[in-house]
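Along the sequence shown, residues carry numbers from 1.
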Amino acid sequence: MLKKAGIFFISLLMLASLWGCSSNEKSSEEKTKVTVFAAKSLNTVLDELIVAFQEEHPDVEVIASYDSSGTLMEQIREGAECDIFFSAATKQMDQLEEEGLVVSDTRKNVVNNQVCVVTYKRSDTKVKGLDTLSLASSLAIADGSVPVGKYTRQALVNAGILPAVEDVSLITSQEISQALDGTEINECANVGAVAAAVSEGSNEAGTVYKSDTTGYEDKLEILEIVSYDLTGNVIYPIAQIENPEASDSEKNSAKDLITYLTSDSAKEVYEKYYFDTNVE
């Protein structure tokens with residue numbers, strides 16, 4: 001009799017355990033998912049902000065994908081599932097808005113950034129900034145479709161190093177090399193690749209955003225912070241993207257996340273990563 005009772009009790013415990021696992025799995029599956037496409041230069045700061053948002057909204061799972069704004073824009077245009085786009089430039093957001101892919105009245109300017117000329121620590125480079133880039137044996141820059149690559153080209157045009165053209169993003173690495181007396185150009189797919197190439201010493205100098213030097217304080221040295229007079233403002237806009245696959249709860253959560261990412265408390269986090277929150 002005692003043996004039967006023991007078996008019955010163990011069976012109940014196993015059923016309870018299985019029910020608990022099933023309940024947890026169901027709870028996880030029922031989380032509202034929000035997909036964010038964000039510029040590579042936002043990687044570190046946005047990861048921190050997403051964690052904070054999810055602590056306040058435990059029922060929401062935020063999935064972030066980082067790459068150059070140009071690449072992400074093309075993915076959205078091709079139908080990739082995305083709820084929020086956080087771009088490193090207005091050009092890509094403008095294009096999506098013109099094509100009706102941005103949800104009305106959700107677009108906001110969030111932060112400003114600055115282009116920097118950098119080298120690796122103890123490089124002994126003779127480069128001091130834009131005007132002396134020709135002294136570098138090699139230079140890492142993002143390609144023209146990447147915002148920081150476009151701003152770099154604009155700065156070189158405004159500084160008189162490159163000739164003026166209608167669309168600076170189309171200036172090739174070969175043209176830049178020729179303007180810099182043959183300096184070898186390593187054209188990178190995104191700003192993260194530029195920071196990595198210079199910090200590892202693969203290239204003598206490069207151009208990144210000031211925010212991208214966060215975490216590289218022991219590896220990168222800022223030679224010049226390029227003025228807005230040369231680059232223009234480096235505005236990062238955010239907006240909700242038209243996603244026909246999203247449920248009402250996902251759309252509402254996307255709006256909540258945008259509200260959080262543009263809040264005063266979020267500004268303190270952006271500033272910690274060297275972003276300029278004065279975008280008025």
- prompt: Is it the case that more than 12 heavy atoms not belonging to Lys255 sit under 6.0 Å from its NZ atom?
  reply: yes

field: Close side-chain approach of Leu180 to Ile161, heavy-atom, < 4.5 Å
entry: yes

field: Residues forming a side chain to side chain contact (heavy atoms under 4.5 Å, CB included) with Thr172, sequence neighbours excluded
entry: Gln174, Glu175

field: Distance-only donor-acceptor check, side chains Ser138 and Asn203, under 3.5 Å
entry: yes

field: Min side-chain heavy-atom separation Gln114-Val234 under 4.5 Å
entry: no

- request: Could I get the full list of side chain to side chain contact (heavy atoms under 4.5 Å, CB included) partners for Thr106, not counting sequence neighbours?
  value: Val102, Val103, Ala239, Gln240

query: Looking at side-chain heavy atoms only, is the closest gap between Asp276 and Val111 below 4.5 Å?
result: no

query: Below 4.5 Å, heavy atoms only, C-beta onward: do Val269 and Val45 meet side chain to side chain?
result: yes

task: Mind checking the NZ-CD spacing from Lys121 to Glu217? Nearest 0.5 Å is all I need.
output: 8.5 Å

- prompt: Would you say Ile171 and Ser169 make side-chain contact, with heavy atoms under 4.5 Å?
  reply: no

query: More than 12 non-hydrogen atoms from neighbouring residues, nucleotides or ligands closer than 6.0 Å to NZ on Lys126, yes or no?
result: no

- request: Can you see which heavy atom on Met93 is nearest to which on Pro237, and at what distance?
  value: CE-O, 3.4 Å

Sub-4.5 Å side-chain heavy-atom contact between Leu46 and Val36: yes

query: Counting only heavy atoms not in Asp105, do more than 12 fall under 6.0 Å of its CG?
result: no

task: Answer whether the closest heavy-atom distance between the side chains of Gln95 and Arg77 falls below 4.5 Å.
output: yes

- request: Go through the steps for Val62 and Leu257 under the test side chain to side chain contact (heavy atoms under 4.5 Å, CB included), then give the verdict.
  value: CA-CA 9 Å; Val62 180; Leu257 180 53; 3.9 Å; yes

- prompt: What residues form a salt bridge (Lys or Arg N to Asp or Glu O under 4.0 Å) with Asp47, not counting sequence neighbours?
  reply: none

message: Tell me if a side-chain donor or acceptor on Ser177 pairs with a main-chain N or O of Ser173 at a distance below 3.5 Å.
response: no

Residues that Ser211 engages under side chain to side chain contact (heavy atoms under 4.5 Å, CB included), provided they are two or more places apart: Ser41, Asn113, Tyr209, Phe275

query: Are any non-hydrogen side-chain atoms of Val110 and Leu261 less than 4.5 angstrom apart?
result: no

- request: Establish, from distance only, whether the side-chain atoms of Ser123 and Thr125 form a donor-acceptor pair under 3.5 Å.
  value: no

query: Same hydrophobic cluster for Tyr236 and Ile241, using side-chain heavy-atom links shorter than 4.5 Å among ILVMFWY?
result: no

message: Please enumerate all residues that pass ring-ring contact (aromatic ring centres under 6.0 Å, His included) together with Phe53, with sequence neighbours excluded.
response: His57, Tyr260

message: Taking the basic N atoms (NZ, or NE/NH1/NH2) and the acidic carboxylate oxygens, is any pair closer than 4.0 Å for Glu48 and Lys272?
response: yes

query: Which residue pairs pass the side-chain hydrogen bond (donor to acceptor under 3.5 Å, both in side chains) test with at least one member in residues 145-158, sequence neighbours excluded?
result: Asp143-Ser145, Thr152-Thr207, Arg153-Glu187, Gln154-Asn158

- prompt: In Å and rounded to the nearest 0.5 Å, what is the CG to NZ distance from Asn43 to Lys40?
  reply: 4.5 Å

query: Glu271 and Thr277: side-chain hydrogen bond (donor to acceptor under 3.5 Å, both in side chains), yes or no, with the steps?
result: CA-CA 7 Å; Glu271 290 168 356; Thr277 58; 2.6 Å; yes

Electrostatic pair Glu250-Lys33, nearest N-O below 4.0 angstrom: no

query: Passes side chain to side chain contact (heavy atoms under 4.5 Å, CB included), Ser199 versus Tyr120? Steps please.
result: CA-CA 5 Å; Ser199 65; Tyr120 56 92; 5.6 Å; no

